[in-house]
Amino acid sequence: MPELAEAEFFRKRWHQAALHSPKILRVHTHDEKKLFRTAPASILSAALIHSDYTTSSAAAKQILFRFQRAKNATAPAIDAWLGIHLGMTGELSVFAPTHDPRKHDHLVLYTDAHALVFSDPRMFGRVQFHLGPTGPIWWTQIAPALLSTAFSAEVIAAFLKRRARAPIKAVLLMQERFPGIGNWMADEVLWRAAIHPAQPAGTLRPAEVKKLWSECRNVARLALNTIAGRGDDIPSDLNIAIPDTWLFNHRWKKGGLCPRTRKKLARAEIGGRTTCWSPARQKLHA
DNA sequence: AGACATGTTGCTCA
DNA sequence: ATGAGCAACATGTC
C-alpha cells in the first residue's frame, strides 16, 4: 500500500492522536528480528516508556517519530527516534487504549487515550531506532524529495543517462533518485508524460525528460493533497475519492480503459513489476 | 489451487 | 567497478 502520500497519511494519523496525548505509558512488541533491525524491541521499549511524542516527519516511503523525556533525579534525558518503513503491507492505525494486539500488530504504543499500532502482515517493513539529540544517519540519507529544488530536471537527466539501458519504469522505482515513487505512482507518471514504460531510459528525448520530471512533481503534489490531505486536514481513511481522471482508478480493472483515450489499457511485467499503460498514448520509439 | 500483491535486498552475470 | 535482472522474503486475498 504505502508510497509517498500514504506514508504521509499514516504519519498524520499517529501524529494527531499522539499530539493529543503524547506520553507513552506502555509498549507492546513482537520482537521480530526481521522487523526490528537497528535495535531489539526491548531497547526501543525501554526508551519510549515515559517519553513524550514531540514531532515527526515523512520522507519517501518512510516515517520518523521523535520521543523525548527530560532528565530527572533517577533517570537521564531521552531523545529517541523511531523510524518506520511500511514495506508492502504496513499500516499505522489508532485504536482505543484497551486495544488487544492482533496477530500482526508488531508495535503498539499505549497512551492514556490511544493505542498507536504498527501492523504489517507480510513483514516487509522495518522498525528503526536511534538515540541522541541529532537525527539518525539513515534518515539523512534519503534522497532529495520530489518537491524539493534539489530534485531538478538536470539531475534527472543525468540519472537517466547513467541508467540508459534500463526500462524507464524500472528507473522510476529507484529510491536513490525518485524517493517515494512506487508501482502505482510510476505508472501514473509515465501515463501522464505519455512515455512507454519499456522505453530505455537513455533514449528519452529532451522534451520527454523534462515532462517526466514535471509529472513526477505533479503526481507527488496531487497524491499528497488528495491522499494525505492538506495541513492538518486528514482524510478519514485511505479509501479516498481519487478522481477517475487518474490512471489509478483504472489500472487494476479487468478490461480497464484509459481515462483520456477511452482505449483499452495494457498490462505486462516491466522492470520486474506489473505495469499498466495506455498503448494509445504511450508508444515506444527509437 | 494458483496467481498475484502500492517493496527492498542481495546475489549473479555482463 | 558499475549496471541490469531476478529470486527471495511472508502472508493474505481474489
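For the numbers below, each heavy atom of this structure counts, side chains included, while hydrogens, waters and symmetry mates do not. Quick note on labels: first sequence line is chain A, next is B, and so on, each numbered from 1.
- Distance, A:Met174 CE to C:dG3 C1': 8 Å, rounded to whole Å.
- For A:Tyr110 and A:His99, the ring centers are positioned 6.0 Å apart or more.
- Closest approach to the A:Arg162 side chain among B:dG7, C:dG3, C:dG12 is made by C:dG3 (side chain taken as heavy atoms from C-beta onward).
- Candidate nucleotides B:dT9, B:dG7, C:dG5 were compared by shortest atom distance to the side chain of A:Ala166, and C:dG5 ranks first.
- A straight line from CZ of A:Arg37 to P of B:dT9 spans 7 Å, rounded to a whole angstrom.
- For A:Arg165, the side-chain atoms get nearest to C:dA4 when compared with the rest of C:dT11, C:dC9, C:dA4.
- A salt bridge is absent between A:Asp233 and A:Arg230; no separation between the charged side-chain nitrogens and carboxylate oxygens falls under 4.0 Å.
- Note: CG (A:Asp105) to P (C:dG12) measures 12 Å, nearest angstrom.
- Comparing B:dA3 with C:dA7, their P atoms are spaced 14 Å from each other, to the whole Å.
- Look at CE on A:Met185: it is 14 Å from C1' on B:dG7, rounded to the nearest Å.
- Contact annotation for A:Pro200: no contact, since no heavy-atom pair falls under 4.0 Å across all strands.
- Using P as the reference atom, B:dT8 and C:dT13 are 22 Å apart when rounded to the nearest Å.
- In this structure, A:Lys169 places its NZ atom 15 Å from C1' of C:dG5, rounding to the nearest Å.
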Exercise. Take A:Tyr53 and A:His15, measure what ring-ring contact (aromatic ring centres under 6.0 Å, His included) needs, and give me the verdict at the end.
Key: CA-CA 8 Å; A:Tyr53 166 73; A:His15 169 82; 5.6 Å; yes
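- Below 30°, between 30° and 60°, or above 60°: for A:Phe65 and A:Trp14 the angle between ring planes is between 30° and 60°, a tilted geometry.
- Rounded to an integer number of Å, the gap from A:Leu172 CG to C:dA4 P is 14 Å.
- Set against B:dA5, C:dG3, B:dT9, the side chain of A:Arg163 has C:dG3 as its closest nucleotide.
- Note: the hydrophobic cluster containing A:Ile181 also contains A:Trp246 (ILVMFWY, side chain heavy atoms under 4.5 Å, direct or indirect links).
- Within the nucleic acid shown, A:Lys254 has no heavy atom closer than 4.0 Å to any nucleic acid atom.
- When hydrophobic clusters are built by joining Ile, Leu, Val, Met, Phe, Trp and Tyr residues whose side-chain heavy atoms come closer than 4.5 Å, directly or via intermediates, A:Val94 is grouped together with A:Val27.
- Here A:Ala170 lies out of heavy-atom contact (under 4.0 Å) with every strand.
- If you take CG of A:Asp120 and C1' of C:dT11, they are 10 Å apart, rounded to a whole angstrom.
- If you take atom P in C:dC6 and the same atom in B:dC4, they sit 15 Å apart, rounded to whole Å.
- Across all strands shown, C:dA10 forms no Watson-Crick or G-U wobble pair with both distances under 3.5 Å.
- Summarising the geometry, the separation between CH2 on A:Trp252 and C1' on B:dA3 is reported as 13 Å, rounded to the nearest angstrom.
- Where A:Leu173 and A:Glu269 meet DNA chain B, the nucleotide closest to each residue was compared, and A:Glu269 sits on the side nearer the 5' end.
- A salt bridge does not link A:Glu208 to A:Lys211: none of the charged nitrogens lies less than 4.0 Å from a carboxylate oxygen.
- Contact annotation: A:Thr274 side-chain N/O to B:dC4 OP1/OP2 distance is not under 4.0 Å.
- Nearest nucleotide to the A:Lys34 side chain, out of C:dC9, B:dG7, C:dT11: C:dC9.
- Donor-acceptor pairing under 3.5 Å, judged by distance alone, is present between the side chain of A:Arg122 and the base of B:dA5.
- When the side-chain nitrogen and oxygen atoms of A:His85 are compared with OP1 and OP2 of B:dT8, one or more of them lie within a distance under 4.0 Å.
- Out of C:dG5, C:dT11, B:dT8, the shortest distance to the side chain of A:Lys61 is found at B:dT8.
- Taking side-chain N and O atoms only, A:Gln175 has a distance below 4.0 Å to OP1 or OP2 of B:dT8.
- Remark: A:Lys103 is not in phosphate contact with C:dT11, judged by side-chain N or O atoms under 4.0 Å from OP1 or OP2.
- Neither OP1 nor OP2 of B:dT8 sits under 4.0 Å from any side-chain N or O of A:Arg126.
- The side chain of A:His104 places an N or O atom within less than 4.0 Å of a non-bridging phosphate oxygen (OP1 or OP2) of C:dG12.
- The side-chain ring of A:Phe124 is not stacked on the base of B:dT8, judged by centre separation under 5.5 angstrom and plane angle under 30 degrees.
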